[in-house]
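Chain naming here is simple, since letters A, B, ... match the order of the sequence lines and numbering starts at 1 in each.
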Amino acid sequence: MIVETIMNALISLFTTLLNFVNIPQIPANILTAVNDTIDLIIDRSAEMIDLVLPYNIAVVLLGIVIAIELGVHIYHFILWVLKKIPMVGIE
Amino acid sequence: MRYKRSRLARSWLRSFLSFVFSKCGRCISRKIIPFCLCFVVLGLSLTVPSFAASETIYTIRDFDVQAFQVGNVNGQAGQDYSSTVAFEDVHYQYPAGVYTDLVAIYNTNPAFYTQGYGKNEVCISLANLSLEDEYNLQFFYSIMSETTYTINVGLLNSSDEQIADLYNAEYTYQTGNRAGVHECNVNFTLKNLGVNSNQGIKLMIWIIVPSGFSIQFHFGFSDIVFTNLDDDSGLLESILNWLSRIYHSIAGGTDREGVNHTGIVQGIVNALTNVKNAIVNAIDGIEQWFIDLKDNIVDGLKSLFIPRDGYFAEKKTQLETFATEHFGALYQGPDVMIDLIRKLLTVDPSSNPGITMPAIEFDFQGQHYTLTEAIHYSFSWVNDSLHPLYYFYHIYRGFVTVILFVGFGNYLVKKYRDVFEGGGDGE
């Protein structure tokens, strides 16, 4: 009862406050046309790239590079937070 | 003191924003945007998007299905059972392990299935077809009862006379020899079928079960995909309709498709009314709980802390439905991104290396002009060991692979020095 009431109240608040938002769905034919075009772009770009360098290896390495770049930013953010705490003593 | 705190907060905020912008700026300007631009420009240069088709997806529920008994062998007339046609979702398995979701039609009046009468069901009817355009109709179908049936797809004129037969098939469902799910996929152009006027012309699907059967059959249809292969206004029209719906959902009024929207002000008024109702309902619920508690104290106390079975699943569905209905395109964004990333990761270009130069074609004053056909330059020789360049190409690829790994190693060293030693170029 308590959990249900709290959740119902939160959901009611969320749904009623946002009830006036009525963004229509993208029509299916637009979505299909755009998806097909993007698929075609990716296929042909990948074919071109694969002719000059191994696409599958490049994708794996690129994934690792993106992960490292994100990791570095998270690391810098944590450092930035820690520097704001005088007791930690990081300069 | 208050002044000092406020200055400290402002300095922290400035420092944080500067941190975020420096990261974003470096990331976007140096790495992501040039890479994405190269990828898209490369792809676009070899791609001509084809939007010259408008596709409409129906389910059988979108149509006014009609059911008729045909007169029996003694000459007695049958009846119209259209008012008792009903639909249900079926999860059909054929062959074993392959499931198909269909929407089945059946009749709630058992008299419809009386032996001795033929049973006809008109399932879909589409009008307003153009004389010149080429259309495609595609769907899957099946019957879930032991009977013989015929399915027909054809064109009827304004007097309901059949003027063209596009598809017909007869199947028998028997135990141990199941009729299974079949596909209908037909292309047609009215003009090529000898039709000179599109006035009153209808595309129809109907099924016939012979008079010898009294079985109560369910007939299932998948999504019915109807495509105008020559319609080049469909996409533009759809975009305009979509923008019109967005505009009218904010401003109120009737959009291009004739749908009336309440507008944002009325929407806020409705939302506040709903909040008031929700609060009143919550108070009523608590009051009811105390009344129930008096009747059954143990269950009442249990229900105080433990939600009933299926409560969370129900709320999840409710929120998903709400997000789909109200956030529309925004809620579709993450799905599109996930599809894009999945596509990037799963594309396998090495199986068929080549470059396709797009066709140059356009429509002008109702005529379709094709200056050049699409030309595909195949590099299949990279997999042909008899070709003179085969070994040269593979040595080149090996060399490039080594360079990739050396470059990656250099990047790792540079990054390590950058992060932990405060600089360095990895040389």
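For B/Gln318, the part sitting under 4.5 Å from any heavy atom of chain A is the side chain, from C-beta outward, and nothing else. Looking at B/Leu412, the atoms closer than 4.5 Å to chain A (heavy atoms on both sides) all sit in the side chain, from C-beta outward. In this structure, no portion of B/Phe399 lies under 4.5 Å from any heavy atom of chain A. Only the side chain of A/Ile38 comes within less than 4.5 Å of a heavy atom in chain B; its backbone stays farther off. For chain A, the nearby parts of B/Phe327 are the backbone and the side chain; heavy atoms of each come within less than 4.5 Å. Neither the backbone nor the side chain of B/Tyr331 has a heavy atom closer than 4.5 Å to any heavy atom of chain A. B/Thr273 does not touch chain A: none of its heavy atoms, backbone or side chain, sits under 4.5 Å away. Both the backbone and the side chain of B/Leu404 have a heavy atom closer than 4.5 Å to some heavy atom of chain A.
Ranked by heavy-atom pairs under 4.5 Å with chain B, the first of A/Thr16, A/Ile11, A/Val81, A/Ile64 is A/Thr16. For chain B, the option among A/Leu13, A/Leu53, A/Val59 with the highest count of heavy-atom pairs below 4.5 Å is A/Leu53. Each of A/Val52, A/Asp36, A/Leu79 has some count of heavy-atom pairs under 4.5 Å with chain B, and the biggest count is that of A/Val52. Per-residue heavy-atom pair counts under 4.5 Å with chain A were compared for B/Leu319, B/Asp339, B/Leu345, and the maximum is reached by B/Leu319.
In this structure, a donor-acceptor pair under 3.5 Å is present between the side chains of B/Lys315 and A/Asn8.
The environment of CG in B/Asp309 is sparse: at most 12 heavy-atom neighbours from other residues, nucleotides or ligands sit within 6.0 Å.
The backbone N or O of A/Leu51 sits less than 3.5 Å from a side-chain atom of B/Tyr393, completing a donor-acceptor pair. At least one donor-acceptor pair under 3.5 Å links the side chain of B/Tyr311 to the backbone N or O of A/Glu4. Remark: side-chain polar atoms of A/Gln25 are not paired, donor with acceptor, to backbone N or O of B/Glu325 under 3.5 angstrom.
In terms of the side chain to side chain contact (heavy atoms under 4.5 Å, CB included) criterion, residue partners of A/Ser12 (sequence neighbours excluded) are, by chain and number, B/Ala278. By the ring pair (Phe, Tyr, Trp, His ring centres under 6.0 Å) test, A/Tyr75 pairs with B/Phe420, sequence neighbours left out.
A/Ile26 approaches B/Gln332 most closely through the heavy-atom pair N-OE1, 2.9 Å.
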